[in-house]
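Heads up: the structure comes next, in structure tokens.
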Amino acid sequence: MAFGKGHHLHLIDGSAFIFRAYHALPPLTRKSDGLPVGAVSGFCNMLQRYVEGNAGGDVTHVAVIFDKGSHTFRNDLYDQYKANREAMPEDLRPQIPLTRTATEAFNIACKEMEGFEADDIIATLACQAREAGGRCTIISSDKDLMQLVGGGVEMLDAMKNKTIDVDGVFEKFGVGPDRVVDVQALAGDSVDNVPGAPGIGIKTAALLINEYGSLEELLDRAGEIKQPKRRQTLIEHRAQIELSKRLVQLDCDMELDFTIEDLEVRDPEPETLLGFLAEMEFRTLTKRISGALGVEAPAVPEPAATTASPEAEEHPPLSASEHVTIRDAETLQSWIDAIHARGVVAVDTETTGLNEMRADLVGVSLCVDPGRAAYLPLAHKDGGGADDLFGGEAKLAEGQLDFETALGMLKPVLEDPAVLKIGQNMKYDAKILARNGITVAPIDDTMLLSYALHAGLHGHGMDALSERYLDHTPIPIKTLLGTGKSAITFDFVPIEEATKYAAEDAEITLRLWQRLKPRLHLAQVTRVYEWMERPMVPVLAEMEMRGIKVDRDTLSRMSNAFAQKMAGLEAEIHELAGESFNVGSPAQLGEILFEKMGFEGGKTGKSGKYSTPADVLEDLATEHDLPRRVLDWRQLSKLKSTYTDALQDHINPETGRVHTSYSIAGANTGRLASTDPNLQNIPVRSEEGRRIREAFVAEPGHVLVSLDYSQIELRILAHIAGIDALKTAFRDGLDIHAMTASEMFDVPLDEMTPEVRRQAKAINFGVIYGISGFGLARNLRIPRAEAQAFIDTYFERFPGIRAYMDDTVAFAKEHKYVQTLFGRKIHTPEIGAKGPQAGFAKRAAINAPIQGTAADIIRRAMVRMPAAIADLPARMLLQVHDELIFEVEEDAVDRVIPAVRQVMEGAAAPVVHLDVPLTVDAGQGRSWAEAH
DNA sequence: AATATCACG
DNA sequence: GACGTACGTGATATTT
């Protein structure tokens, strides 16, 4: 029967339901596998309450309408439309498809159309219902839909259970439904980023529309407006206002692929509905609905007993999983479809090496559901090993999809904002894919989940996590590649073997995600992960791929100079020793010094060999020339081997730049670590070493700019421990070490000697490290009793420091972790240990909140940096714990420094308000030596 | 693979 | 009373 008089259509705004459900409920997860289902649960509850509330009512037709696709005709009209929307929360994404399934399970029509907003579908249906002479109720409180009210169309705010009719629209907009769009066009909408007319809000807009009758009339006669400002605004922004109207005007004439008749109310099929609810493991709701439907509730699995692993119970063992090799486009497409349907996929890339800037992509593995995973080989070669010695190119192995074709198919899903890509150490895969033209986003990273949850407890590599959480040892890569000289690269691994290994890795990653992600909330580290771990991945990936220019000739010249000096020193050392030996061998040097030459104080290390560190040689240098020569030789040897030589090998032949790799989860405290090469320990303290930095240069027309936090750890200590004297000194911009010395030794600031200041500085640093009399004595080369007296005086003068140290250790003992100001947890499992480890653990616990908070702050600055410098010709290149290095176009330096400084100095806000200011020093120059 | 040494914050 | 200590990293060369 055709829809018409006497019929009543209900249209439910699905997105509004979802968001309300998501925000109203805590982040629930499905017990068995950790799938986030909070929003689905809330959504089902709302649907059920809706159904119960309308039982016996006059509703004859109903549908839930959803948005589909992020790009609509409104984006074509105005590219900024809804541009300021925040990204959908990660744990909501995978729930979106489930809400569709839920709607269908309730046997309610579920409608969406690609490229259209739900509002347009609702508008079209409401108009059709009105024209047919029936009634229509829109279940939503979205003011954008108010233009549809009237002539049998009403809105219902389900939350407040309030009906919005023509009077309600008048109340909200001051005009009737037919003029709502005119008012919206003028007032604009900050939520949807509709510009409107600047300075005109709803009140003024309604006033104007009521006076002139319509927007068109108002704009045509804008010259008549008395208020000069208002008149000018309307005339100047006419185009913008007209655009705004087109943005807010809903489309009542969409061509739908269904009719209202298709939306007739249907009773739910108990089996389907209860089956879905049971699958979601909603116990209460299953009982309630089975009661309402008068059927027996299906069994919902009870939560696993605390001792048993849910993983082991819910999923078959990893060893029983099915591993698919994707060899044709049809199979690949079916996997892509499955990924879209699920909204979540674990991804792993296989490559020819560990260096992301040099390794080539060989294959991609995917896992959507535990139990089944796929490997897509892309560049496997035939043959047993490396390219043959005579230059013959190895042939591409049979049975692989074309490289470009396959990546072309994968690109949309890997870049789809509605599909979450999970990886273990995703920065690696993101860089490999980026080099193949794919910007993978959004991402989750199991390594970073583990790090946010368990820094300090254990490592975060896949093997460790798999054994710990899945009780499964992954196939060692060595079994495929071999070791040593005969090792092959992954592209020479036979595809069938590669499939087992690669598919397993993707599946392990997915299972780890299911286990770890729900724990973030329980451990209260969601913000740590979301704000300081996950966003680092794209930021660091970009920095690493950009690299920094290093001048090979500079390094090469220095290398030669070092070699010459070393040769001279070596000859002198041999002469002084009376024999020839390997100066680089501490064992041989020890024998020469402590046996042949008879020096006292030779201590042996673990290996029973003499120990010859720099401070020992430094002491001996007062008695003999040889130790000094060795010290000089060692310095040069270090500089040459680690820097001037090794750094040259790290210059990428394609980019001419050096690309480090930062480990995000390397340091327990939250600091980054730099590897391959380490660019966080480039020499600076010695004059000779500092010259290495002359080789780090900017491109022509550019300069390097370095900005570093001044005394950030001491400032944090002053804040955390609440030391008023230190806080005041920092606020007043005083010399903090001189101030400390003045307080401790009763020396007025203007009589301060460098020696006294140096001692105070050592104490200040000592405090951060968990001071001990022994350590301070060694550092200052003073008797232990004297050092202890310094410390006692310090604690007397700053009792808050002692309290902080005691409180922190007590906290660590109670909780087995300590925390930064931003909530990062650093676990301290050794804190209860007896013996020498006890001291270690205590000092680490004291240091961790300070070092960790500083690390958090610079991470926050780095995450915000790309947006802050987006419009400036500047690129962030390096991070060195409290310093950021940028490459900047010469004439933009004066604009870049203030922008960067603002982000860095304000990085603690708004989460933490520090009692001390953060200050940032800046430098610039052609090379890093000049900029620092 | 472990140890010693030393580069950085 | 003795133990043995500054905190956090990574790279290199030597030795096992």
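Hydrogens, waters and symmetry mates are skipped; everything else that's a heavy atom, side chains included, is used. Here is the naming used below: chain letters follow the sequence lines, and residue numbers restart at 1 for every chain. Since the structure is predicted, the reported quantities are computational estimates derived from the model, not experimental observations.
With distances taken from any side-chain atom of A:Asn582 to the nucleotides C:dT14, C:dG8, C:dT5, the minimum falls on C:dT14. Of the candidate nucleotides B:dC6, C:dT12, B:dT5, B:dT5 has the atom lying nearest to any side-chain atom of A:Thr612. Counting only heavy atoms from C-beta on, A:Gln851 has its side chain closest to B:dG9 among B:dG9, C:dG10, C:dA11. Comparing B:dT5, B:dG9, C:dC7 against the side chain of A:Val880 picks out B:dG9 as the nearest. Side-chain proximity of A:Pro613 to the nucleotides C:dG8, B:dC6, B:dA7 is greatest for B:dC6. When the nucleotides C:dA13, B:dT5, C:dA11 are ranked by their closest atom to the side chain of A:Pro586, B:dT5 comes out on top. The listed nucleotides are C:dG4, B:dG9, C:dA11; the one nearest the side chain of A:Arg784 is C:dG4. Considering only side-chain atoms of A:Val684, the nucleotide from B:dC8, C:dT5, C:dG10 that sits closest is B:dC8. Distances were taken from every side-chain heavy atom of A:Tyr643 (C-beta onward) to each of B:dT5, C:dG10, B:dA7; the shortest belongs to B:dA7.
Regarding contacts with the backbone of B:dC8, a side-chain N or O of A:Arg685 is found under 4.0 angstrom from either OP1 or OP2. In this model, the phosphate group of C:dT16 is approached by a side-chain N or O of A:Lys609 to a distance below 4.0 Å at OP1 or OP2. Residue A:Ser637 places no side-chain N or O under 4.0 Å from the OP1 or OP2 atom of C:dT12. The shortest distance between the side-chain N/O atoms of A:Ser674 and the OP1/OP2 oxygens of C:dG10 is not below 4.0 Å. One finds a side-chain N or O of A:Gln588 lying less than 4.0 angstrom from the OP1 or OP2 phosphate oxygen of C:dT15.
A salt bridge is absent between A:Glu830 and A:Lys816; no separation between the charged side-chain nitrogens and carboxylate oxygens falls under 4.0 Å.
Among the heavy atoms of the strands lying under 4.0 Å from A:Ala762 is at least one base atom, whether or not backbone atoms are also near. Within 4.0 Å (heavy atoms only), A:Ala854 reaches no atom of the nucleic acid at all. Backbone-only engagement by A:Phe840 is indicated by non-hydrogen atom pairs under 4.0 Å involving sugar-phosphate atoms exclusively. Contacts of A:Ile846 with the nucleic acid, taken as non-hydrogen atoms under 4.0 Å apart, are absent. Across all strands, A:Gly766 comes closer than 4.0 Å to base atoms (heavy-atom distances). Base engagement by A:Ile771 is indicated by at least one non-hydrogen atom pair under 4.0 Å involving a base atom. No engagement by A:Asp708 is indicated, since no non-hydrogen atom pair under 4.0 Å with the nucleic acid exists. If you check every strand for non-hydrogen atoms under 4.0 Å, A:Asp882 touches sugar and phosphate atoms only. Backbone-only contact: A:Ser585 has heavy atoms under 4.0 Å from sugar-phosphate atoms and none from a base. At a threshold of 4.0 angstrom between heavy atoms, the contacts of A:Ala646 are confined to the sugar-phosphate backbone, with no base atom among them. Counting non-hydrogen atoms under 4.0 angstrom, A:Asn681 reaches a base of the nucleic acid.
In this structure, the side chains of A:Val863 and A:Met536 come closer than 4.5 Å at one or more pairs of heavy atoms.
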Original post:
Could you go step by step and tell me if A:Arg546 and A:Glu887 meet the salt bridge (Lys or Arg N to Asp or Glu O under 4.0 Å) rule?
Top reply: CA-CA 10 Å; A:Arg546 186 155 313 262; A:Glu887 188 170 32; over 6 Å; no
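In this structure, the OH atom of A:Tyr610 is 18 Å from the C1' atom of B:dT3, given to the nearest Å.
Checked against the 6.0 Å centroid criterion, the rings of A:Tyr610 and A:Phe594 qualify as a close aromatic pair.
Among the candidates A:Glu687, A:Glu688, A:Glu694, the single residue satisfying the salt bridge (charged side-chain N to carboxylate O under 4.0 Å, His left out) test with A:Arg690 is A:Glu687.
With a 3.5 Å ceiling on both atom-pair distances, the Watson-Crick or G-U wobble partner of B:dT5 is C:dA11. With both pairing distances under 3.5 Å, C:dA2 is matched to nothing as a Watson-Crick or G-U wobble pair.
Not a single donor-acceptor pair under 3.5 Å links the side chain of A:Tyr817 to the backbone N or O of A:Pro829. At least one donor-acceptor pair closer than 3.5 Å links the side chain of A:Ser772 to the backbone N or O of A:Gly775.
Side-chain atoms of A:Arg671 and base atoms of C:dT9 include no donor and acceptor less than 3.5 Å apart.
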